[in-house]
Protein chains: 2
Amino acid sequence: MDKIKTENTETEILIAAKEIFQQKGMAGARMQEIADKAKINKALLHYYFRSKQLLFEAVFKSAFSLLAPQLNKVLNDDSDLFEKIKRFTESYVSFVIKHPYLPNFVIQELNKNPEFVLKLRSEKNFPSISKFKLQVSDAIQQGIIKPIEAEQLFINIMCLNIFPFIGEPLLMALVDVDKDNYNKILENRKTEVAEFIINSIKI
Amino acid sequence: MDKIKTENTETEILIAAKEIFQQKGMAGARMQEIADKAKINKALLHYYFRSKQLLFEAVFKSAFSLLAPQLNKVLNDDSDLFEKIKRFTESYVSFVIKHPYLPNFVIQELNKNPEFVLKLRSEKNFPSISKFKLQVSDAIQQGIIKPIEAEQLFINIMCLNIFPFIGEPLLMALVDVDKDNYNKILENRKTEVAEFIINSIKI
DNA sequence: AAATTTGTTAACCAAACGGTTAAACTATAT
DNA sequence: ATATAGTTTAACCGTTTGGTTAACAAATTT
């Protein structure tokens with residue numbers, strides 16, 4: 001049953017690497033720290049993943065493959081536009097509570113390594129905006145929403161949902177609340193954000 | 001006139017350090033690279049700033065002192081609420097074009113070092129939301145805007161303005177446009193964002 | 001102009017880093 | 001039981017890192 005043992009170790013490494021990389025980034029992460037967290041020898045990291053770069057890429061891709069389905073909830077879901085926005089804003093908060101460092105990690109590393117986006121794009125399941133575009137122009141033609149470019153609306157949805165987590169330390173200081181009260185604000189945003197968006201676009 | 005020469009070197013170091021730190025972060029920056037960019041010996045960095053940490057803190061505080069006045073345009077300006085939102089969204093884009101890495105740098109390092117916010121907060125000119133709160137509740141009472149918590153509105157304004165730059169590589173890929181077309185989208189946001197916000201809250 | 005302080009450099013250092021090696025251990029197959 | 005293949009470790013290696021030193025150069029002071 002060496003297969004099981006191997007998979008266990010490999011999984012332990014990935015779990016440990018995910019935590020360290022997501023908190024400290026590629027540059028700030030240390031192989032020794034990952035090994036310690038996985039409770040194994042440092043050499044084992046290289047036995048399973050050859051280099052820091054390859055381990056990082058494994059973690060990054062796995063992180064993005066968790067994020068992509070969330071984004072597809074806006075882009076490729078069949079439900080009604082308003083309903084979709086409501087559902088997304090609600091589920092996204094729950095998602096980030098489960099994976100607090102993930103969106104920031106993905107965005108940060110993409111900023112430091114923009115070419116990396118090409119690798120992601122070529123993979124299947126990479127979210128596409130085309131369906132969403134049709135849905136928006138349909139809604140405009142049917143007189144349900146005011147004219148707006150689908151790209152702008154999509155960006156707005158992303159902004160309002162993702163940034164409160166990425167900008168948390170800054171926003172907490174500016175709004176002048178502690179962690180508990182900021183969490184209450186985030187909790188309220190589950191419904192608040194969808195309302196804010198729909199108010200803006202509905203006729 | 002050694003004062004002038006000193007200040008020049010010190011300034012050269014700060015300029016170089018700002019570029020390197022903002023692009024690569026504290027963990028990714030190398031003292032040698034900063035020295036090279038400033039065209040001086042590495043030992044001089046330590047002569048003027050003693051350690052990487054202190055040099056970083058100097059850069060960070062200087063970066064934040066550029067950002068703070070921008071934020072105060074929303075929080076402590078005397079103009080009318082709608083006018084304020086319009087002006088801010090327009091001027092923020094210009095600001096980020098001038099300092100492309102700055103907001104991301106501040107937010108990223110605050111995430112990796114949340115205690116740092118305390119140091120910023122204690123300094124004068126740290127933006128405060130209290131005036132904005134009054135303005136919002138006044139506008140609600142006068143029936144100009146729908147009821148909304150000032151904190152939520154402020155967070156929304158921040159989201160819609162800051163995130164398009166921080167999330168640029170991701171958003172570019174999702175919206176499926178190249179840099180030129182993304183810049184056009186950003187250009188449109190100068191007016192689009194304020195419109196979006198005001199549409200949502202006005203009665 | 002001599003002395004002192006300030007600015008600058010080349011050479012160096014110890015620690016930390018990513019990565020390698022060779023040997024030991026474990027488990028299955030023969 | 002023994003060979004074989006996969007797993008794990010301790011010890012090691014060369015390089016890079018932030019930081020220091022000691023000597024030199026330039027400017028100020030006396």
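As the structure is a prediction and not an experimental result, all values here were calculated from the model. Computed over heavy atoms, backbone and side chain alike; hydrogens, waters and symmetry mates excluded. Throughout, a chain's letter reflects where its sequence line sits, starting with A, and its residues are numbered from 1.
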What nitrogen or oxygen pairs link the protein and nucleotides 15-17 of chain C at under 3.5 Å?
from    : atom 1 : to       : atom 2 : distance (Å)
dC17(C) : OP1    : Arg30(A) : NE     : 3.0

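- Atom-to-atom, CD1 of Ile20(A) to C1' of dG18(C) comes out at 16 Å; the value is rounded to the nearest Å.
- Inter-residue side-chain proximity for Glu33(A) and Lys37(A) is flagged as unmet; no heavy-atom pair is nearer than 4.5 Å.
- Computed from coordinates, the Leu44(A) CG to dA10(D) P distance equals 11 Å when rounded to whole Å.
- Residue Thr9(A) places at least one side-chain N or O closer than 4.0 Å to OP1 or OP2 of dT8(D).
- The interatomic distance linking Glu10(A) (CD) with dG6(D) (C1') rounds to 13 Å, in whole Å.
- If you measure from atom OH of Tyr47(B) to atom P of dA22(D), you get 17 Å, rounded to the nearest angstrom.
- Checked options Phe163(A), Phe165(A), Tyr92(A); the residue passing with Pro103(A) is Tyr92(A) (criterion: side chain to side chain contact (heavy atoms under 4.5 Å, CB included)).
- With distances taken from any side-chain atom of Ala43(B) to the nucleotides dT21(C), dT21(D), dG19(C), the minimum falls on dT21(D).
- We find that CE of Met26(B) is positioned 14 Å from P of dT17(D), with the value rounded to whole Å.
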Practice task
Any chance you could lay out the side-chain hydrogen bond (donor to acceptor under 3.5 Å, both in side chains) test for Lys84(B) and Gln135(B), step after step, and finish with the verdict?
Solution key: CA-CA 11 Å; Lys84(B) 190 186 258 188; Gln135(B) 191 169 29; 2.4 Å; yes
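- Separating the CG atom of Asn41(B) from the C1' atom of dG18(D) is a distance of 13 Å, rounded to the nearest angstrom.
- The side chain of Tyr48(B) has dT8(C) as its nearest neighbour among dG6(D), dG19(C), dT8(C).
- Atom CD of Glu33(A) and atom P of dG18(C) are 10 Å apart (whole Å).
- Within 4.0 Å (heavy atoms only), Ile40(A) reaches sugar-phosphate atoms of the nucleic acid but no base atom.
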Exercise for the section: Begin from the C-alpha positions of Arg30(A) and Asp36(A) and carry the test salt bridge (charged side-chain N to carboxylate O under 4.0 Å, His left out) through to its verdict. Expected result: CA-CA 10 Å; Arg30(A) 299 289 160 244; Asp36(A) 290 347; over 6 Å; no
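- Evaluation of the side-chain contact (heavy atoms from CB on, under 4.5 Å) rule for Gln22(A) yields Lys18(A), Ala63(A), Tyr101(A), Leu102(A), Phe105(A) as partners, not counting sequence neighbours.
- A cation-pi arrangement is present between Lys119(A) and Phe116(A), with the terminal nitrogen or guanidinium carbon under 6.0 Å from the aromatic centre and inside a 45° cone about the axis.
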Practice task
Using the side-chain contact (heavy atoms from CB on, under 4.5 Å) rule, take Met158(A) and Val74(A) through it: C-alpha gap first, then chi angles, then the decisive distance, then the call.
Solution key: CA-CA 9 Å; Met158(A) 292 296 106; Val74(A) 188; 4.1 Å; yes
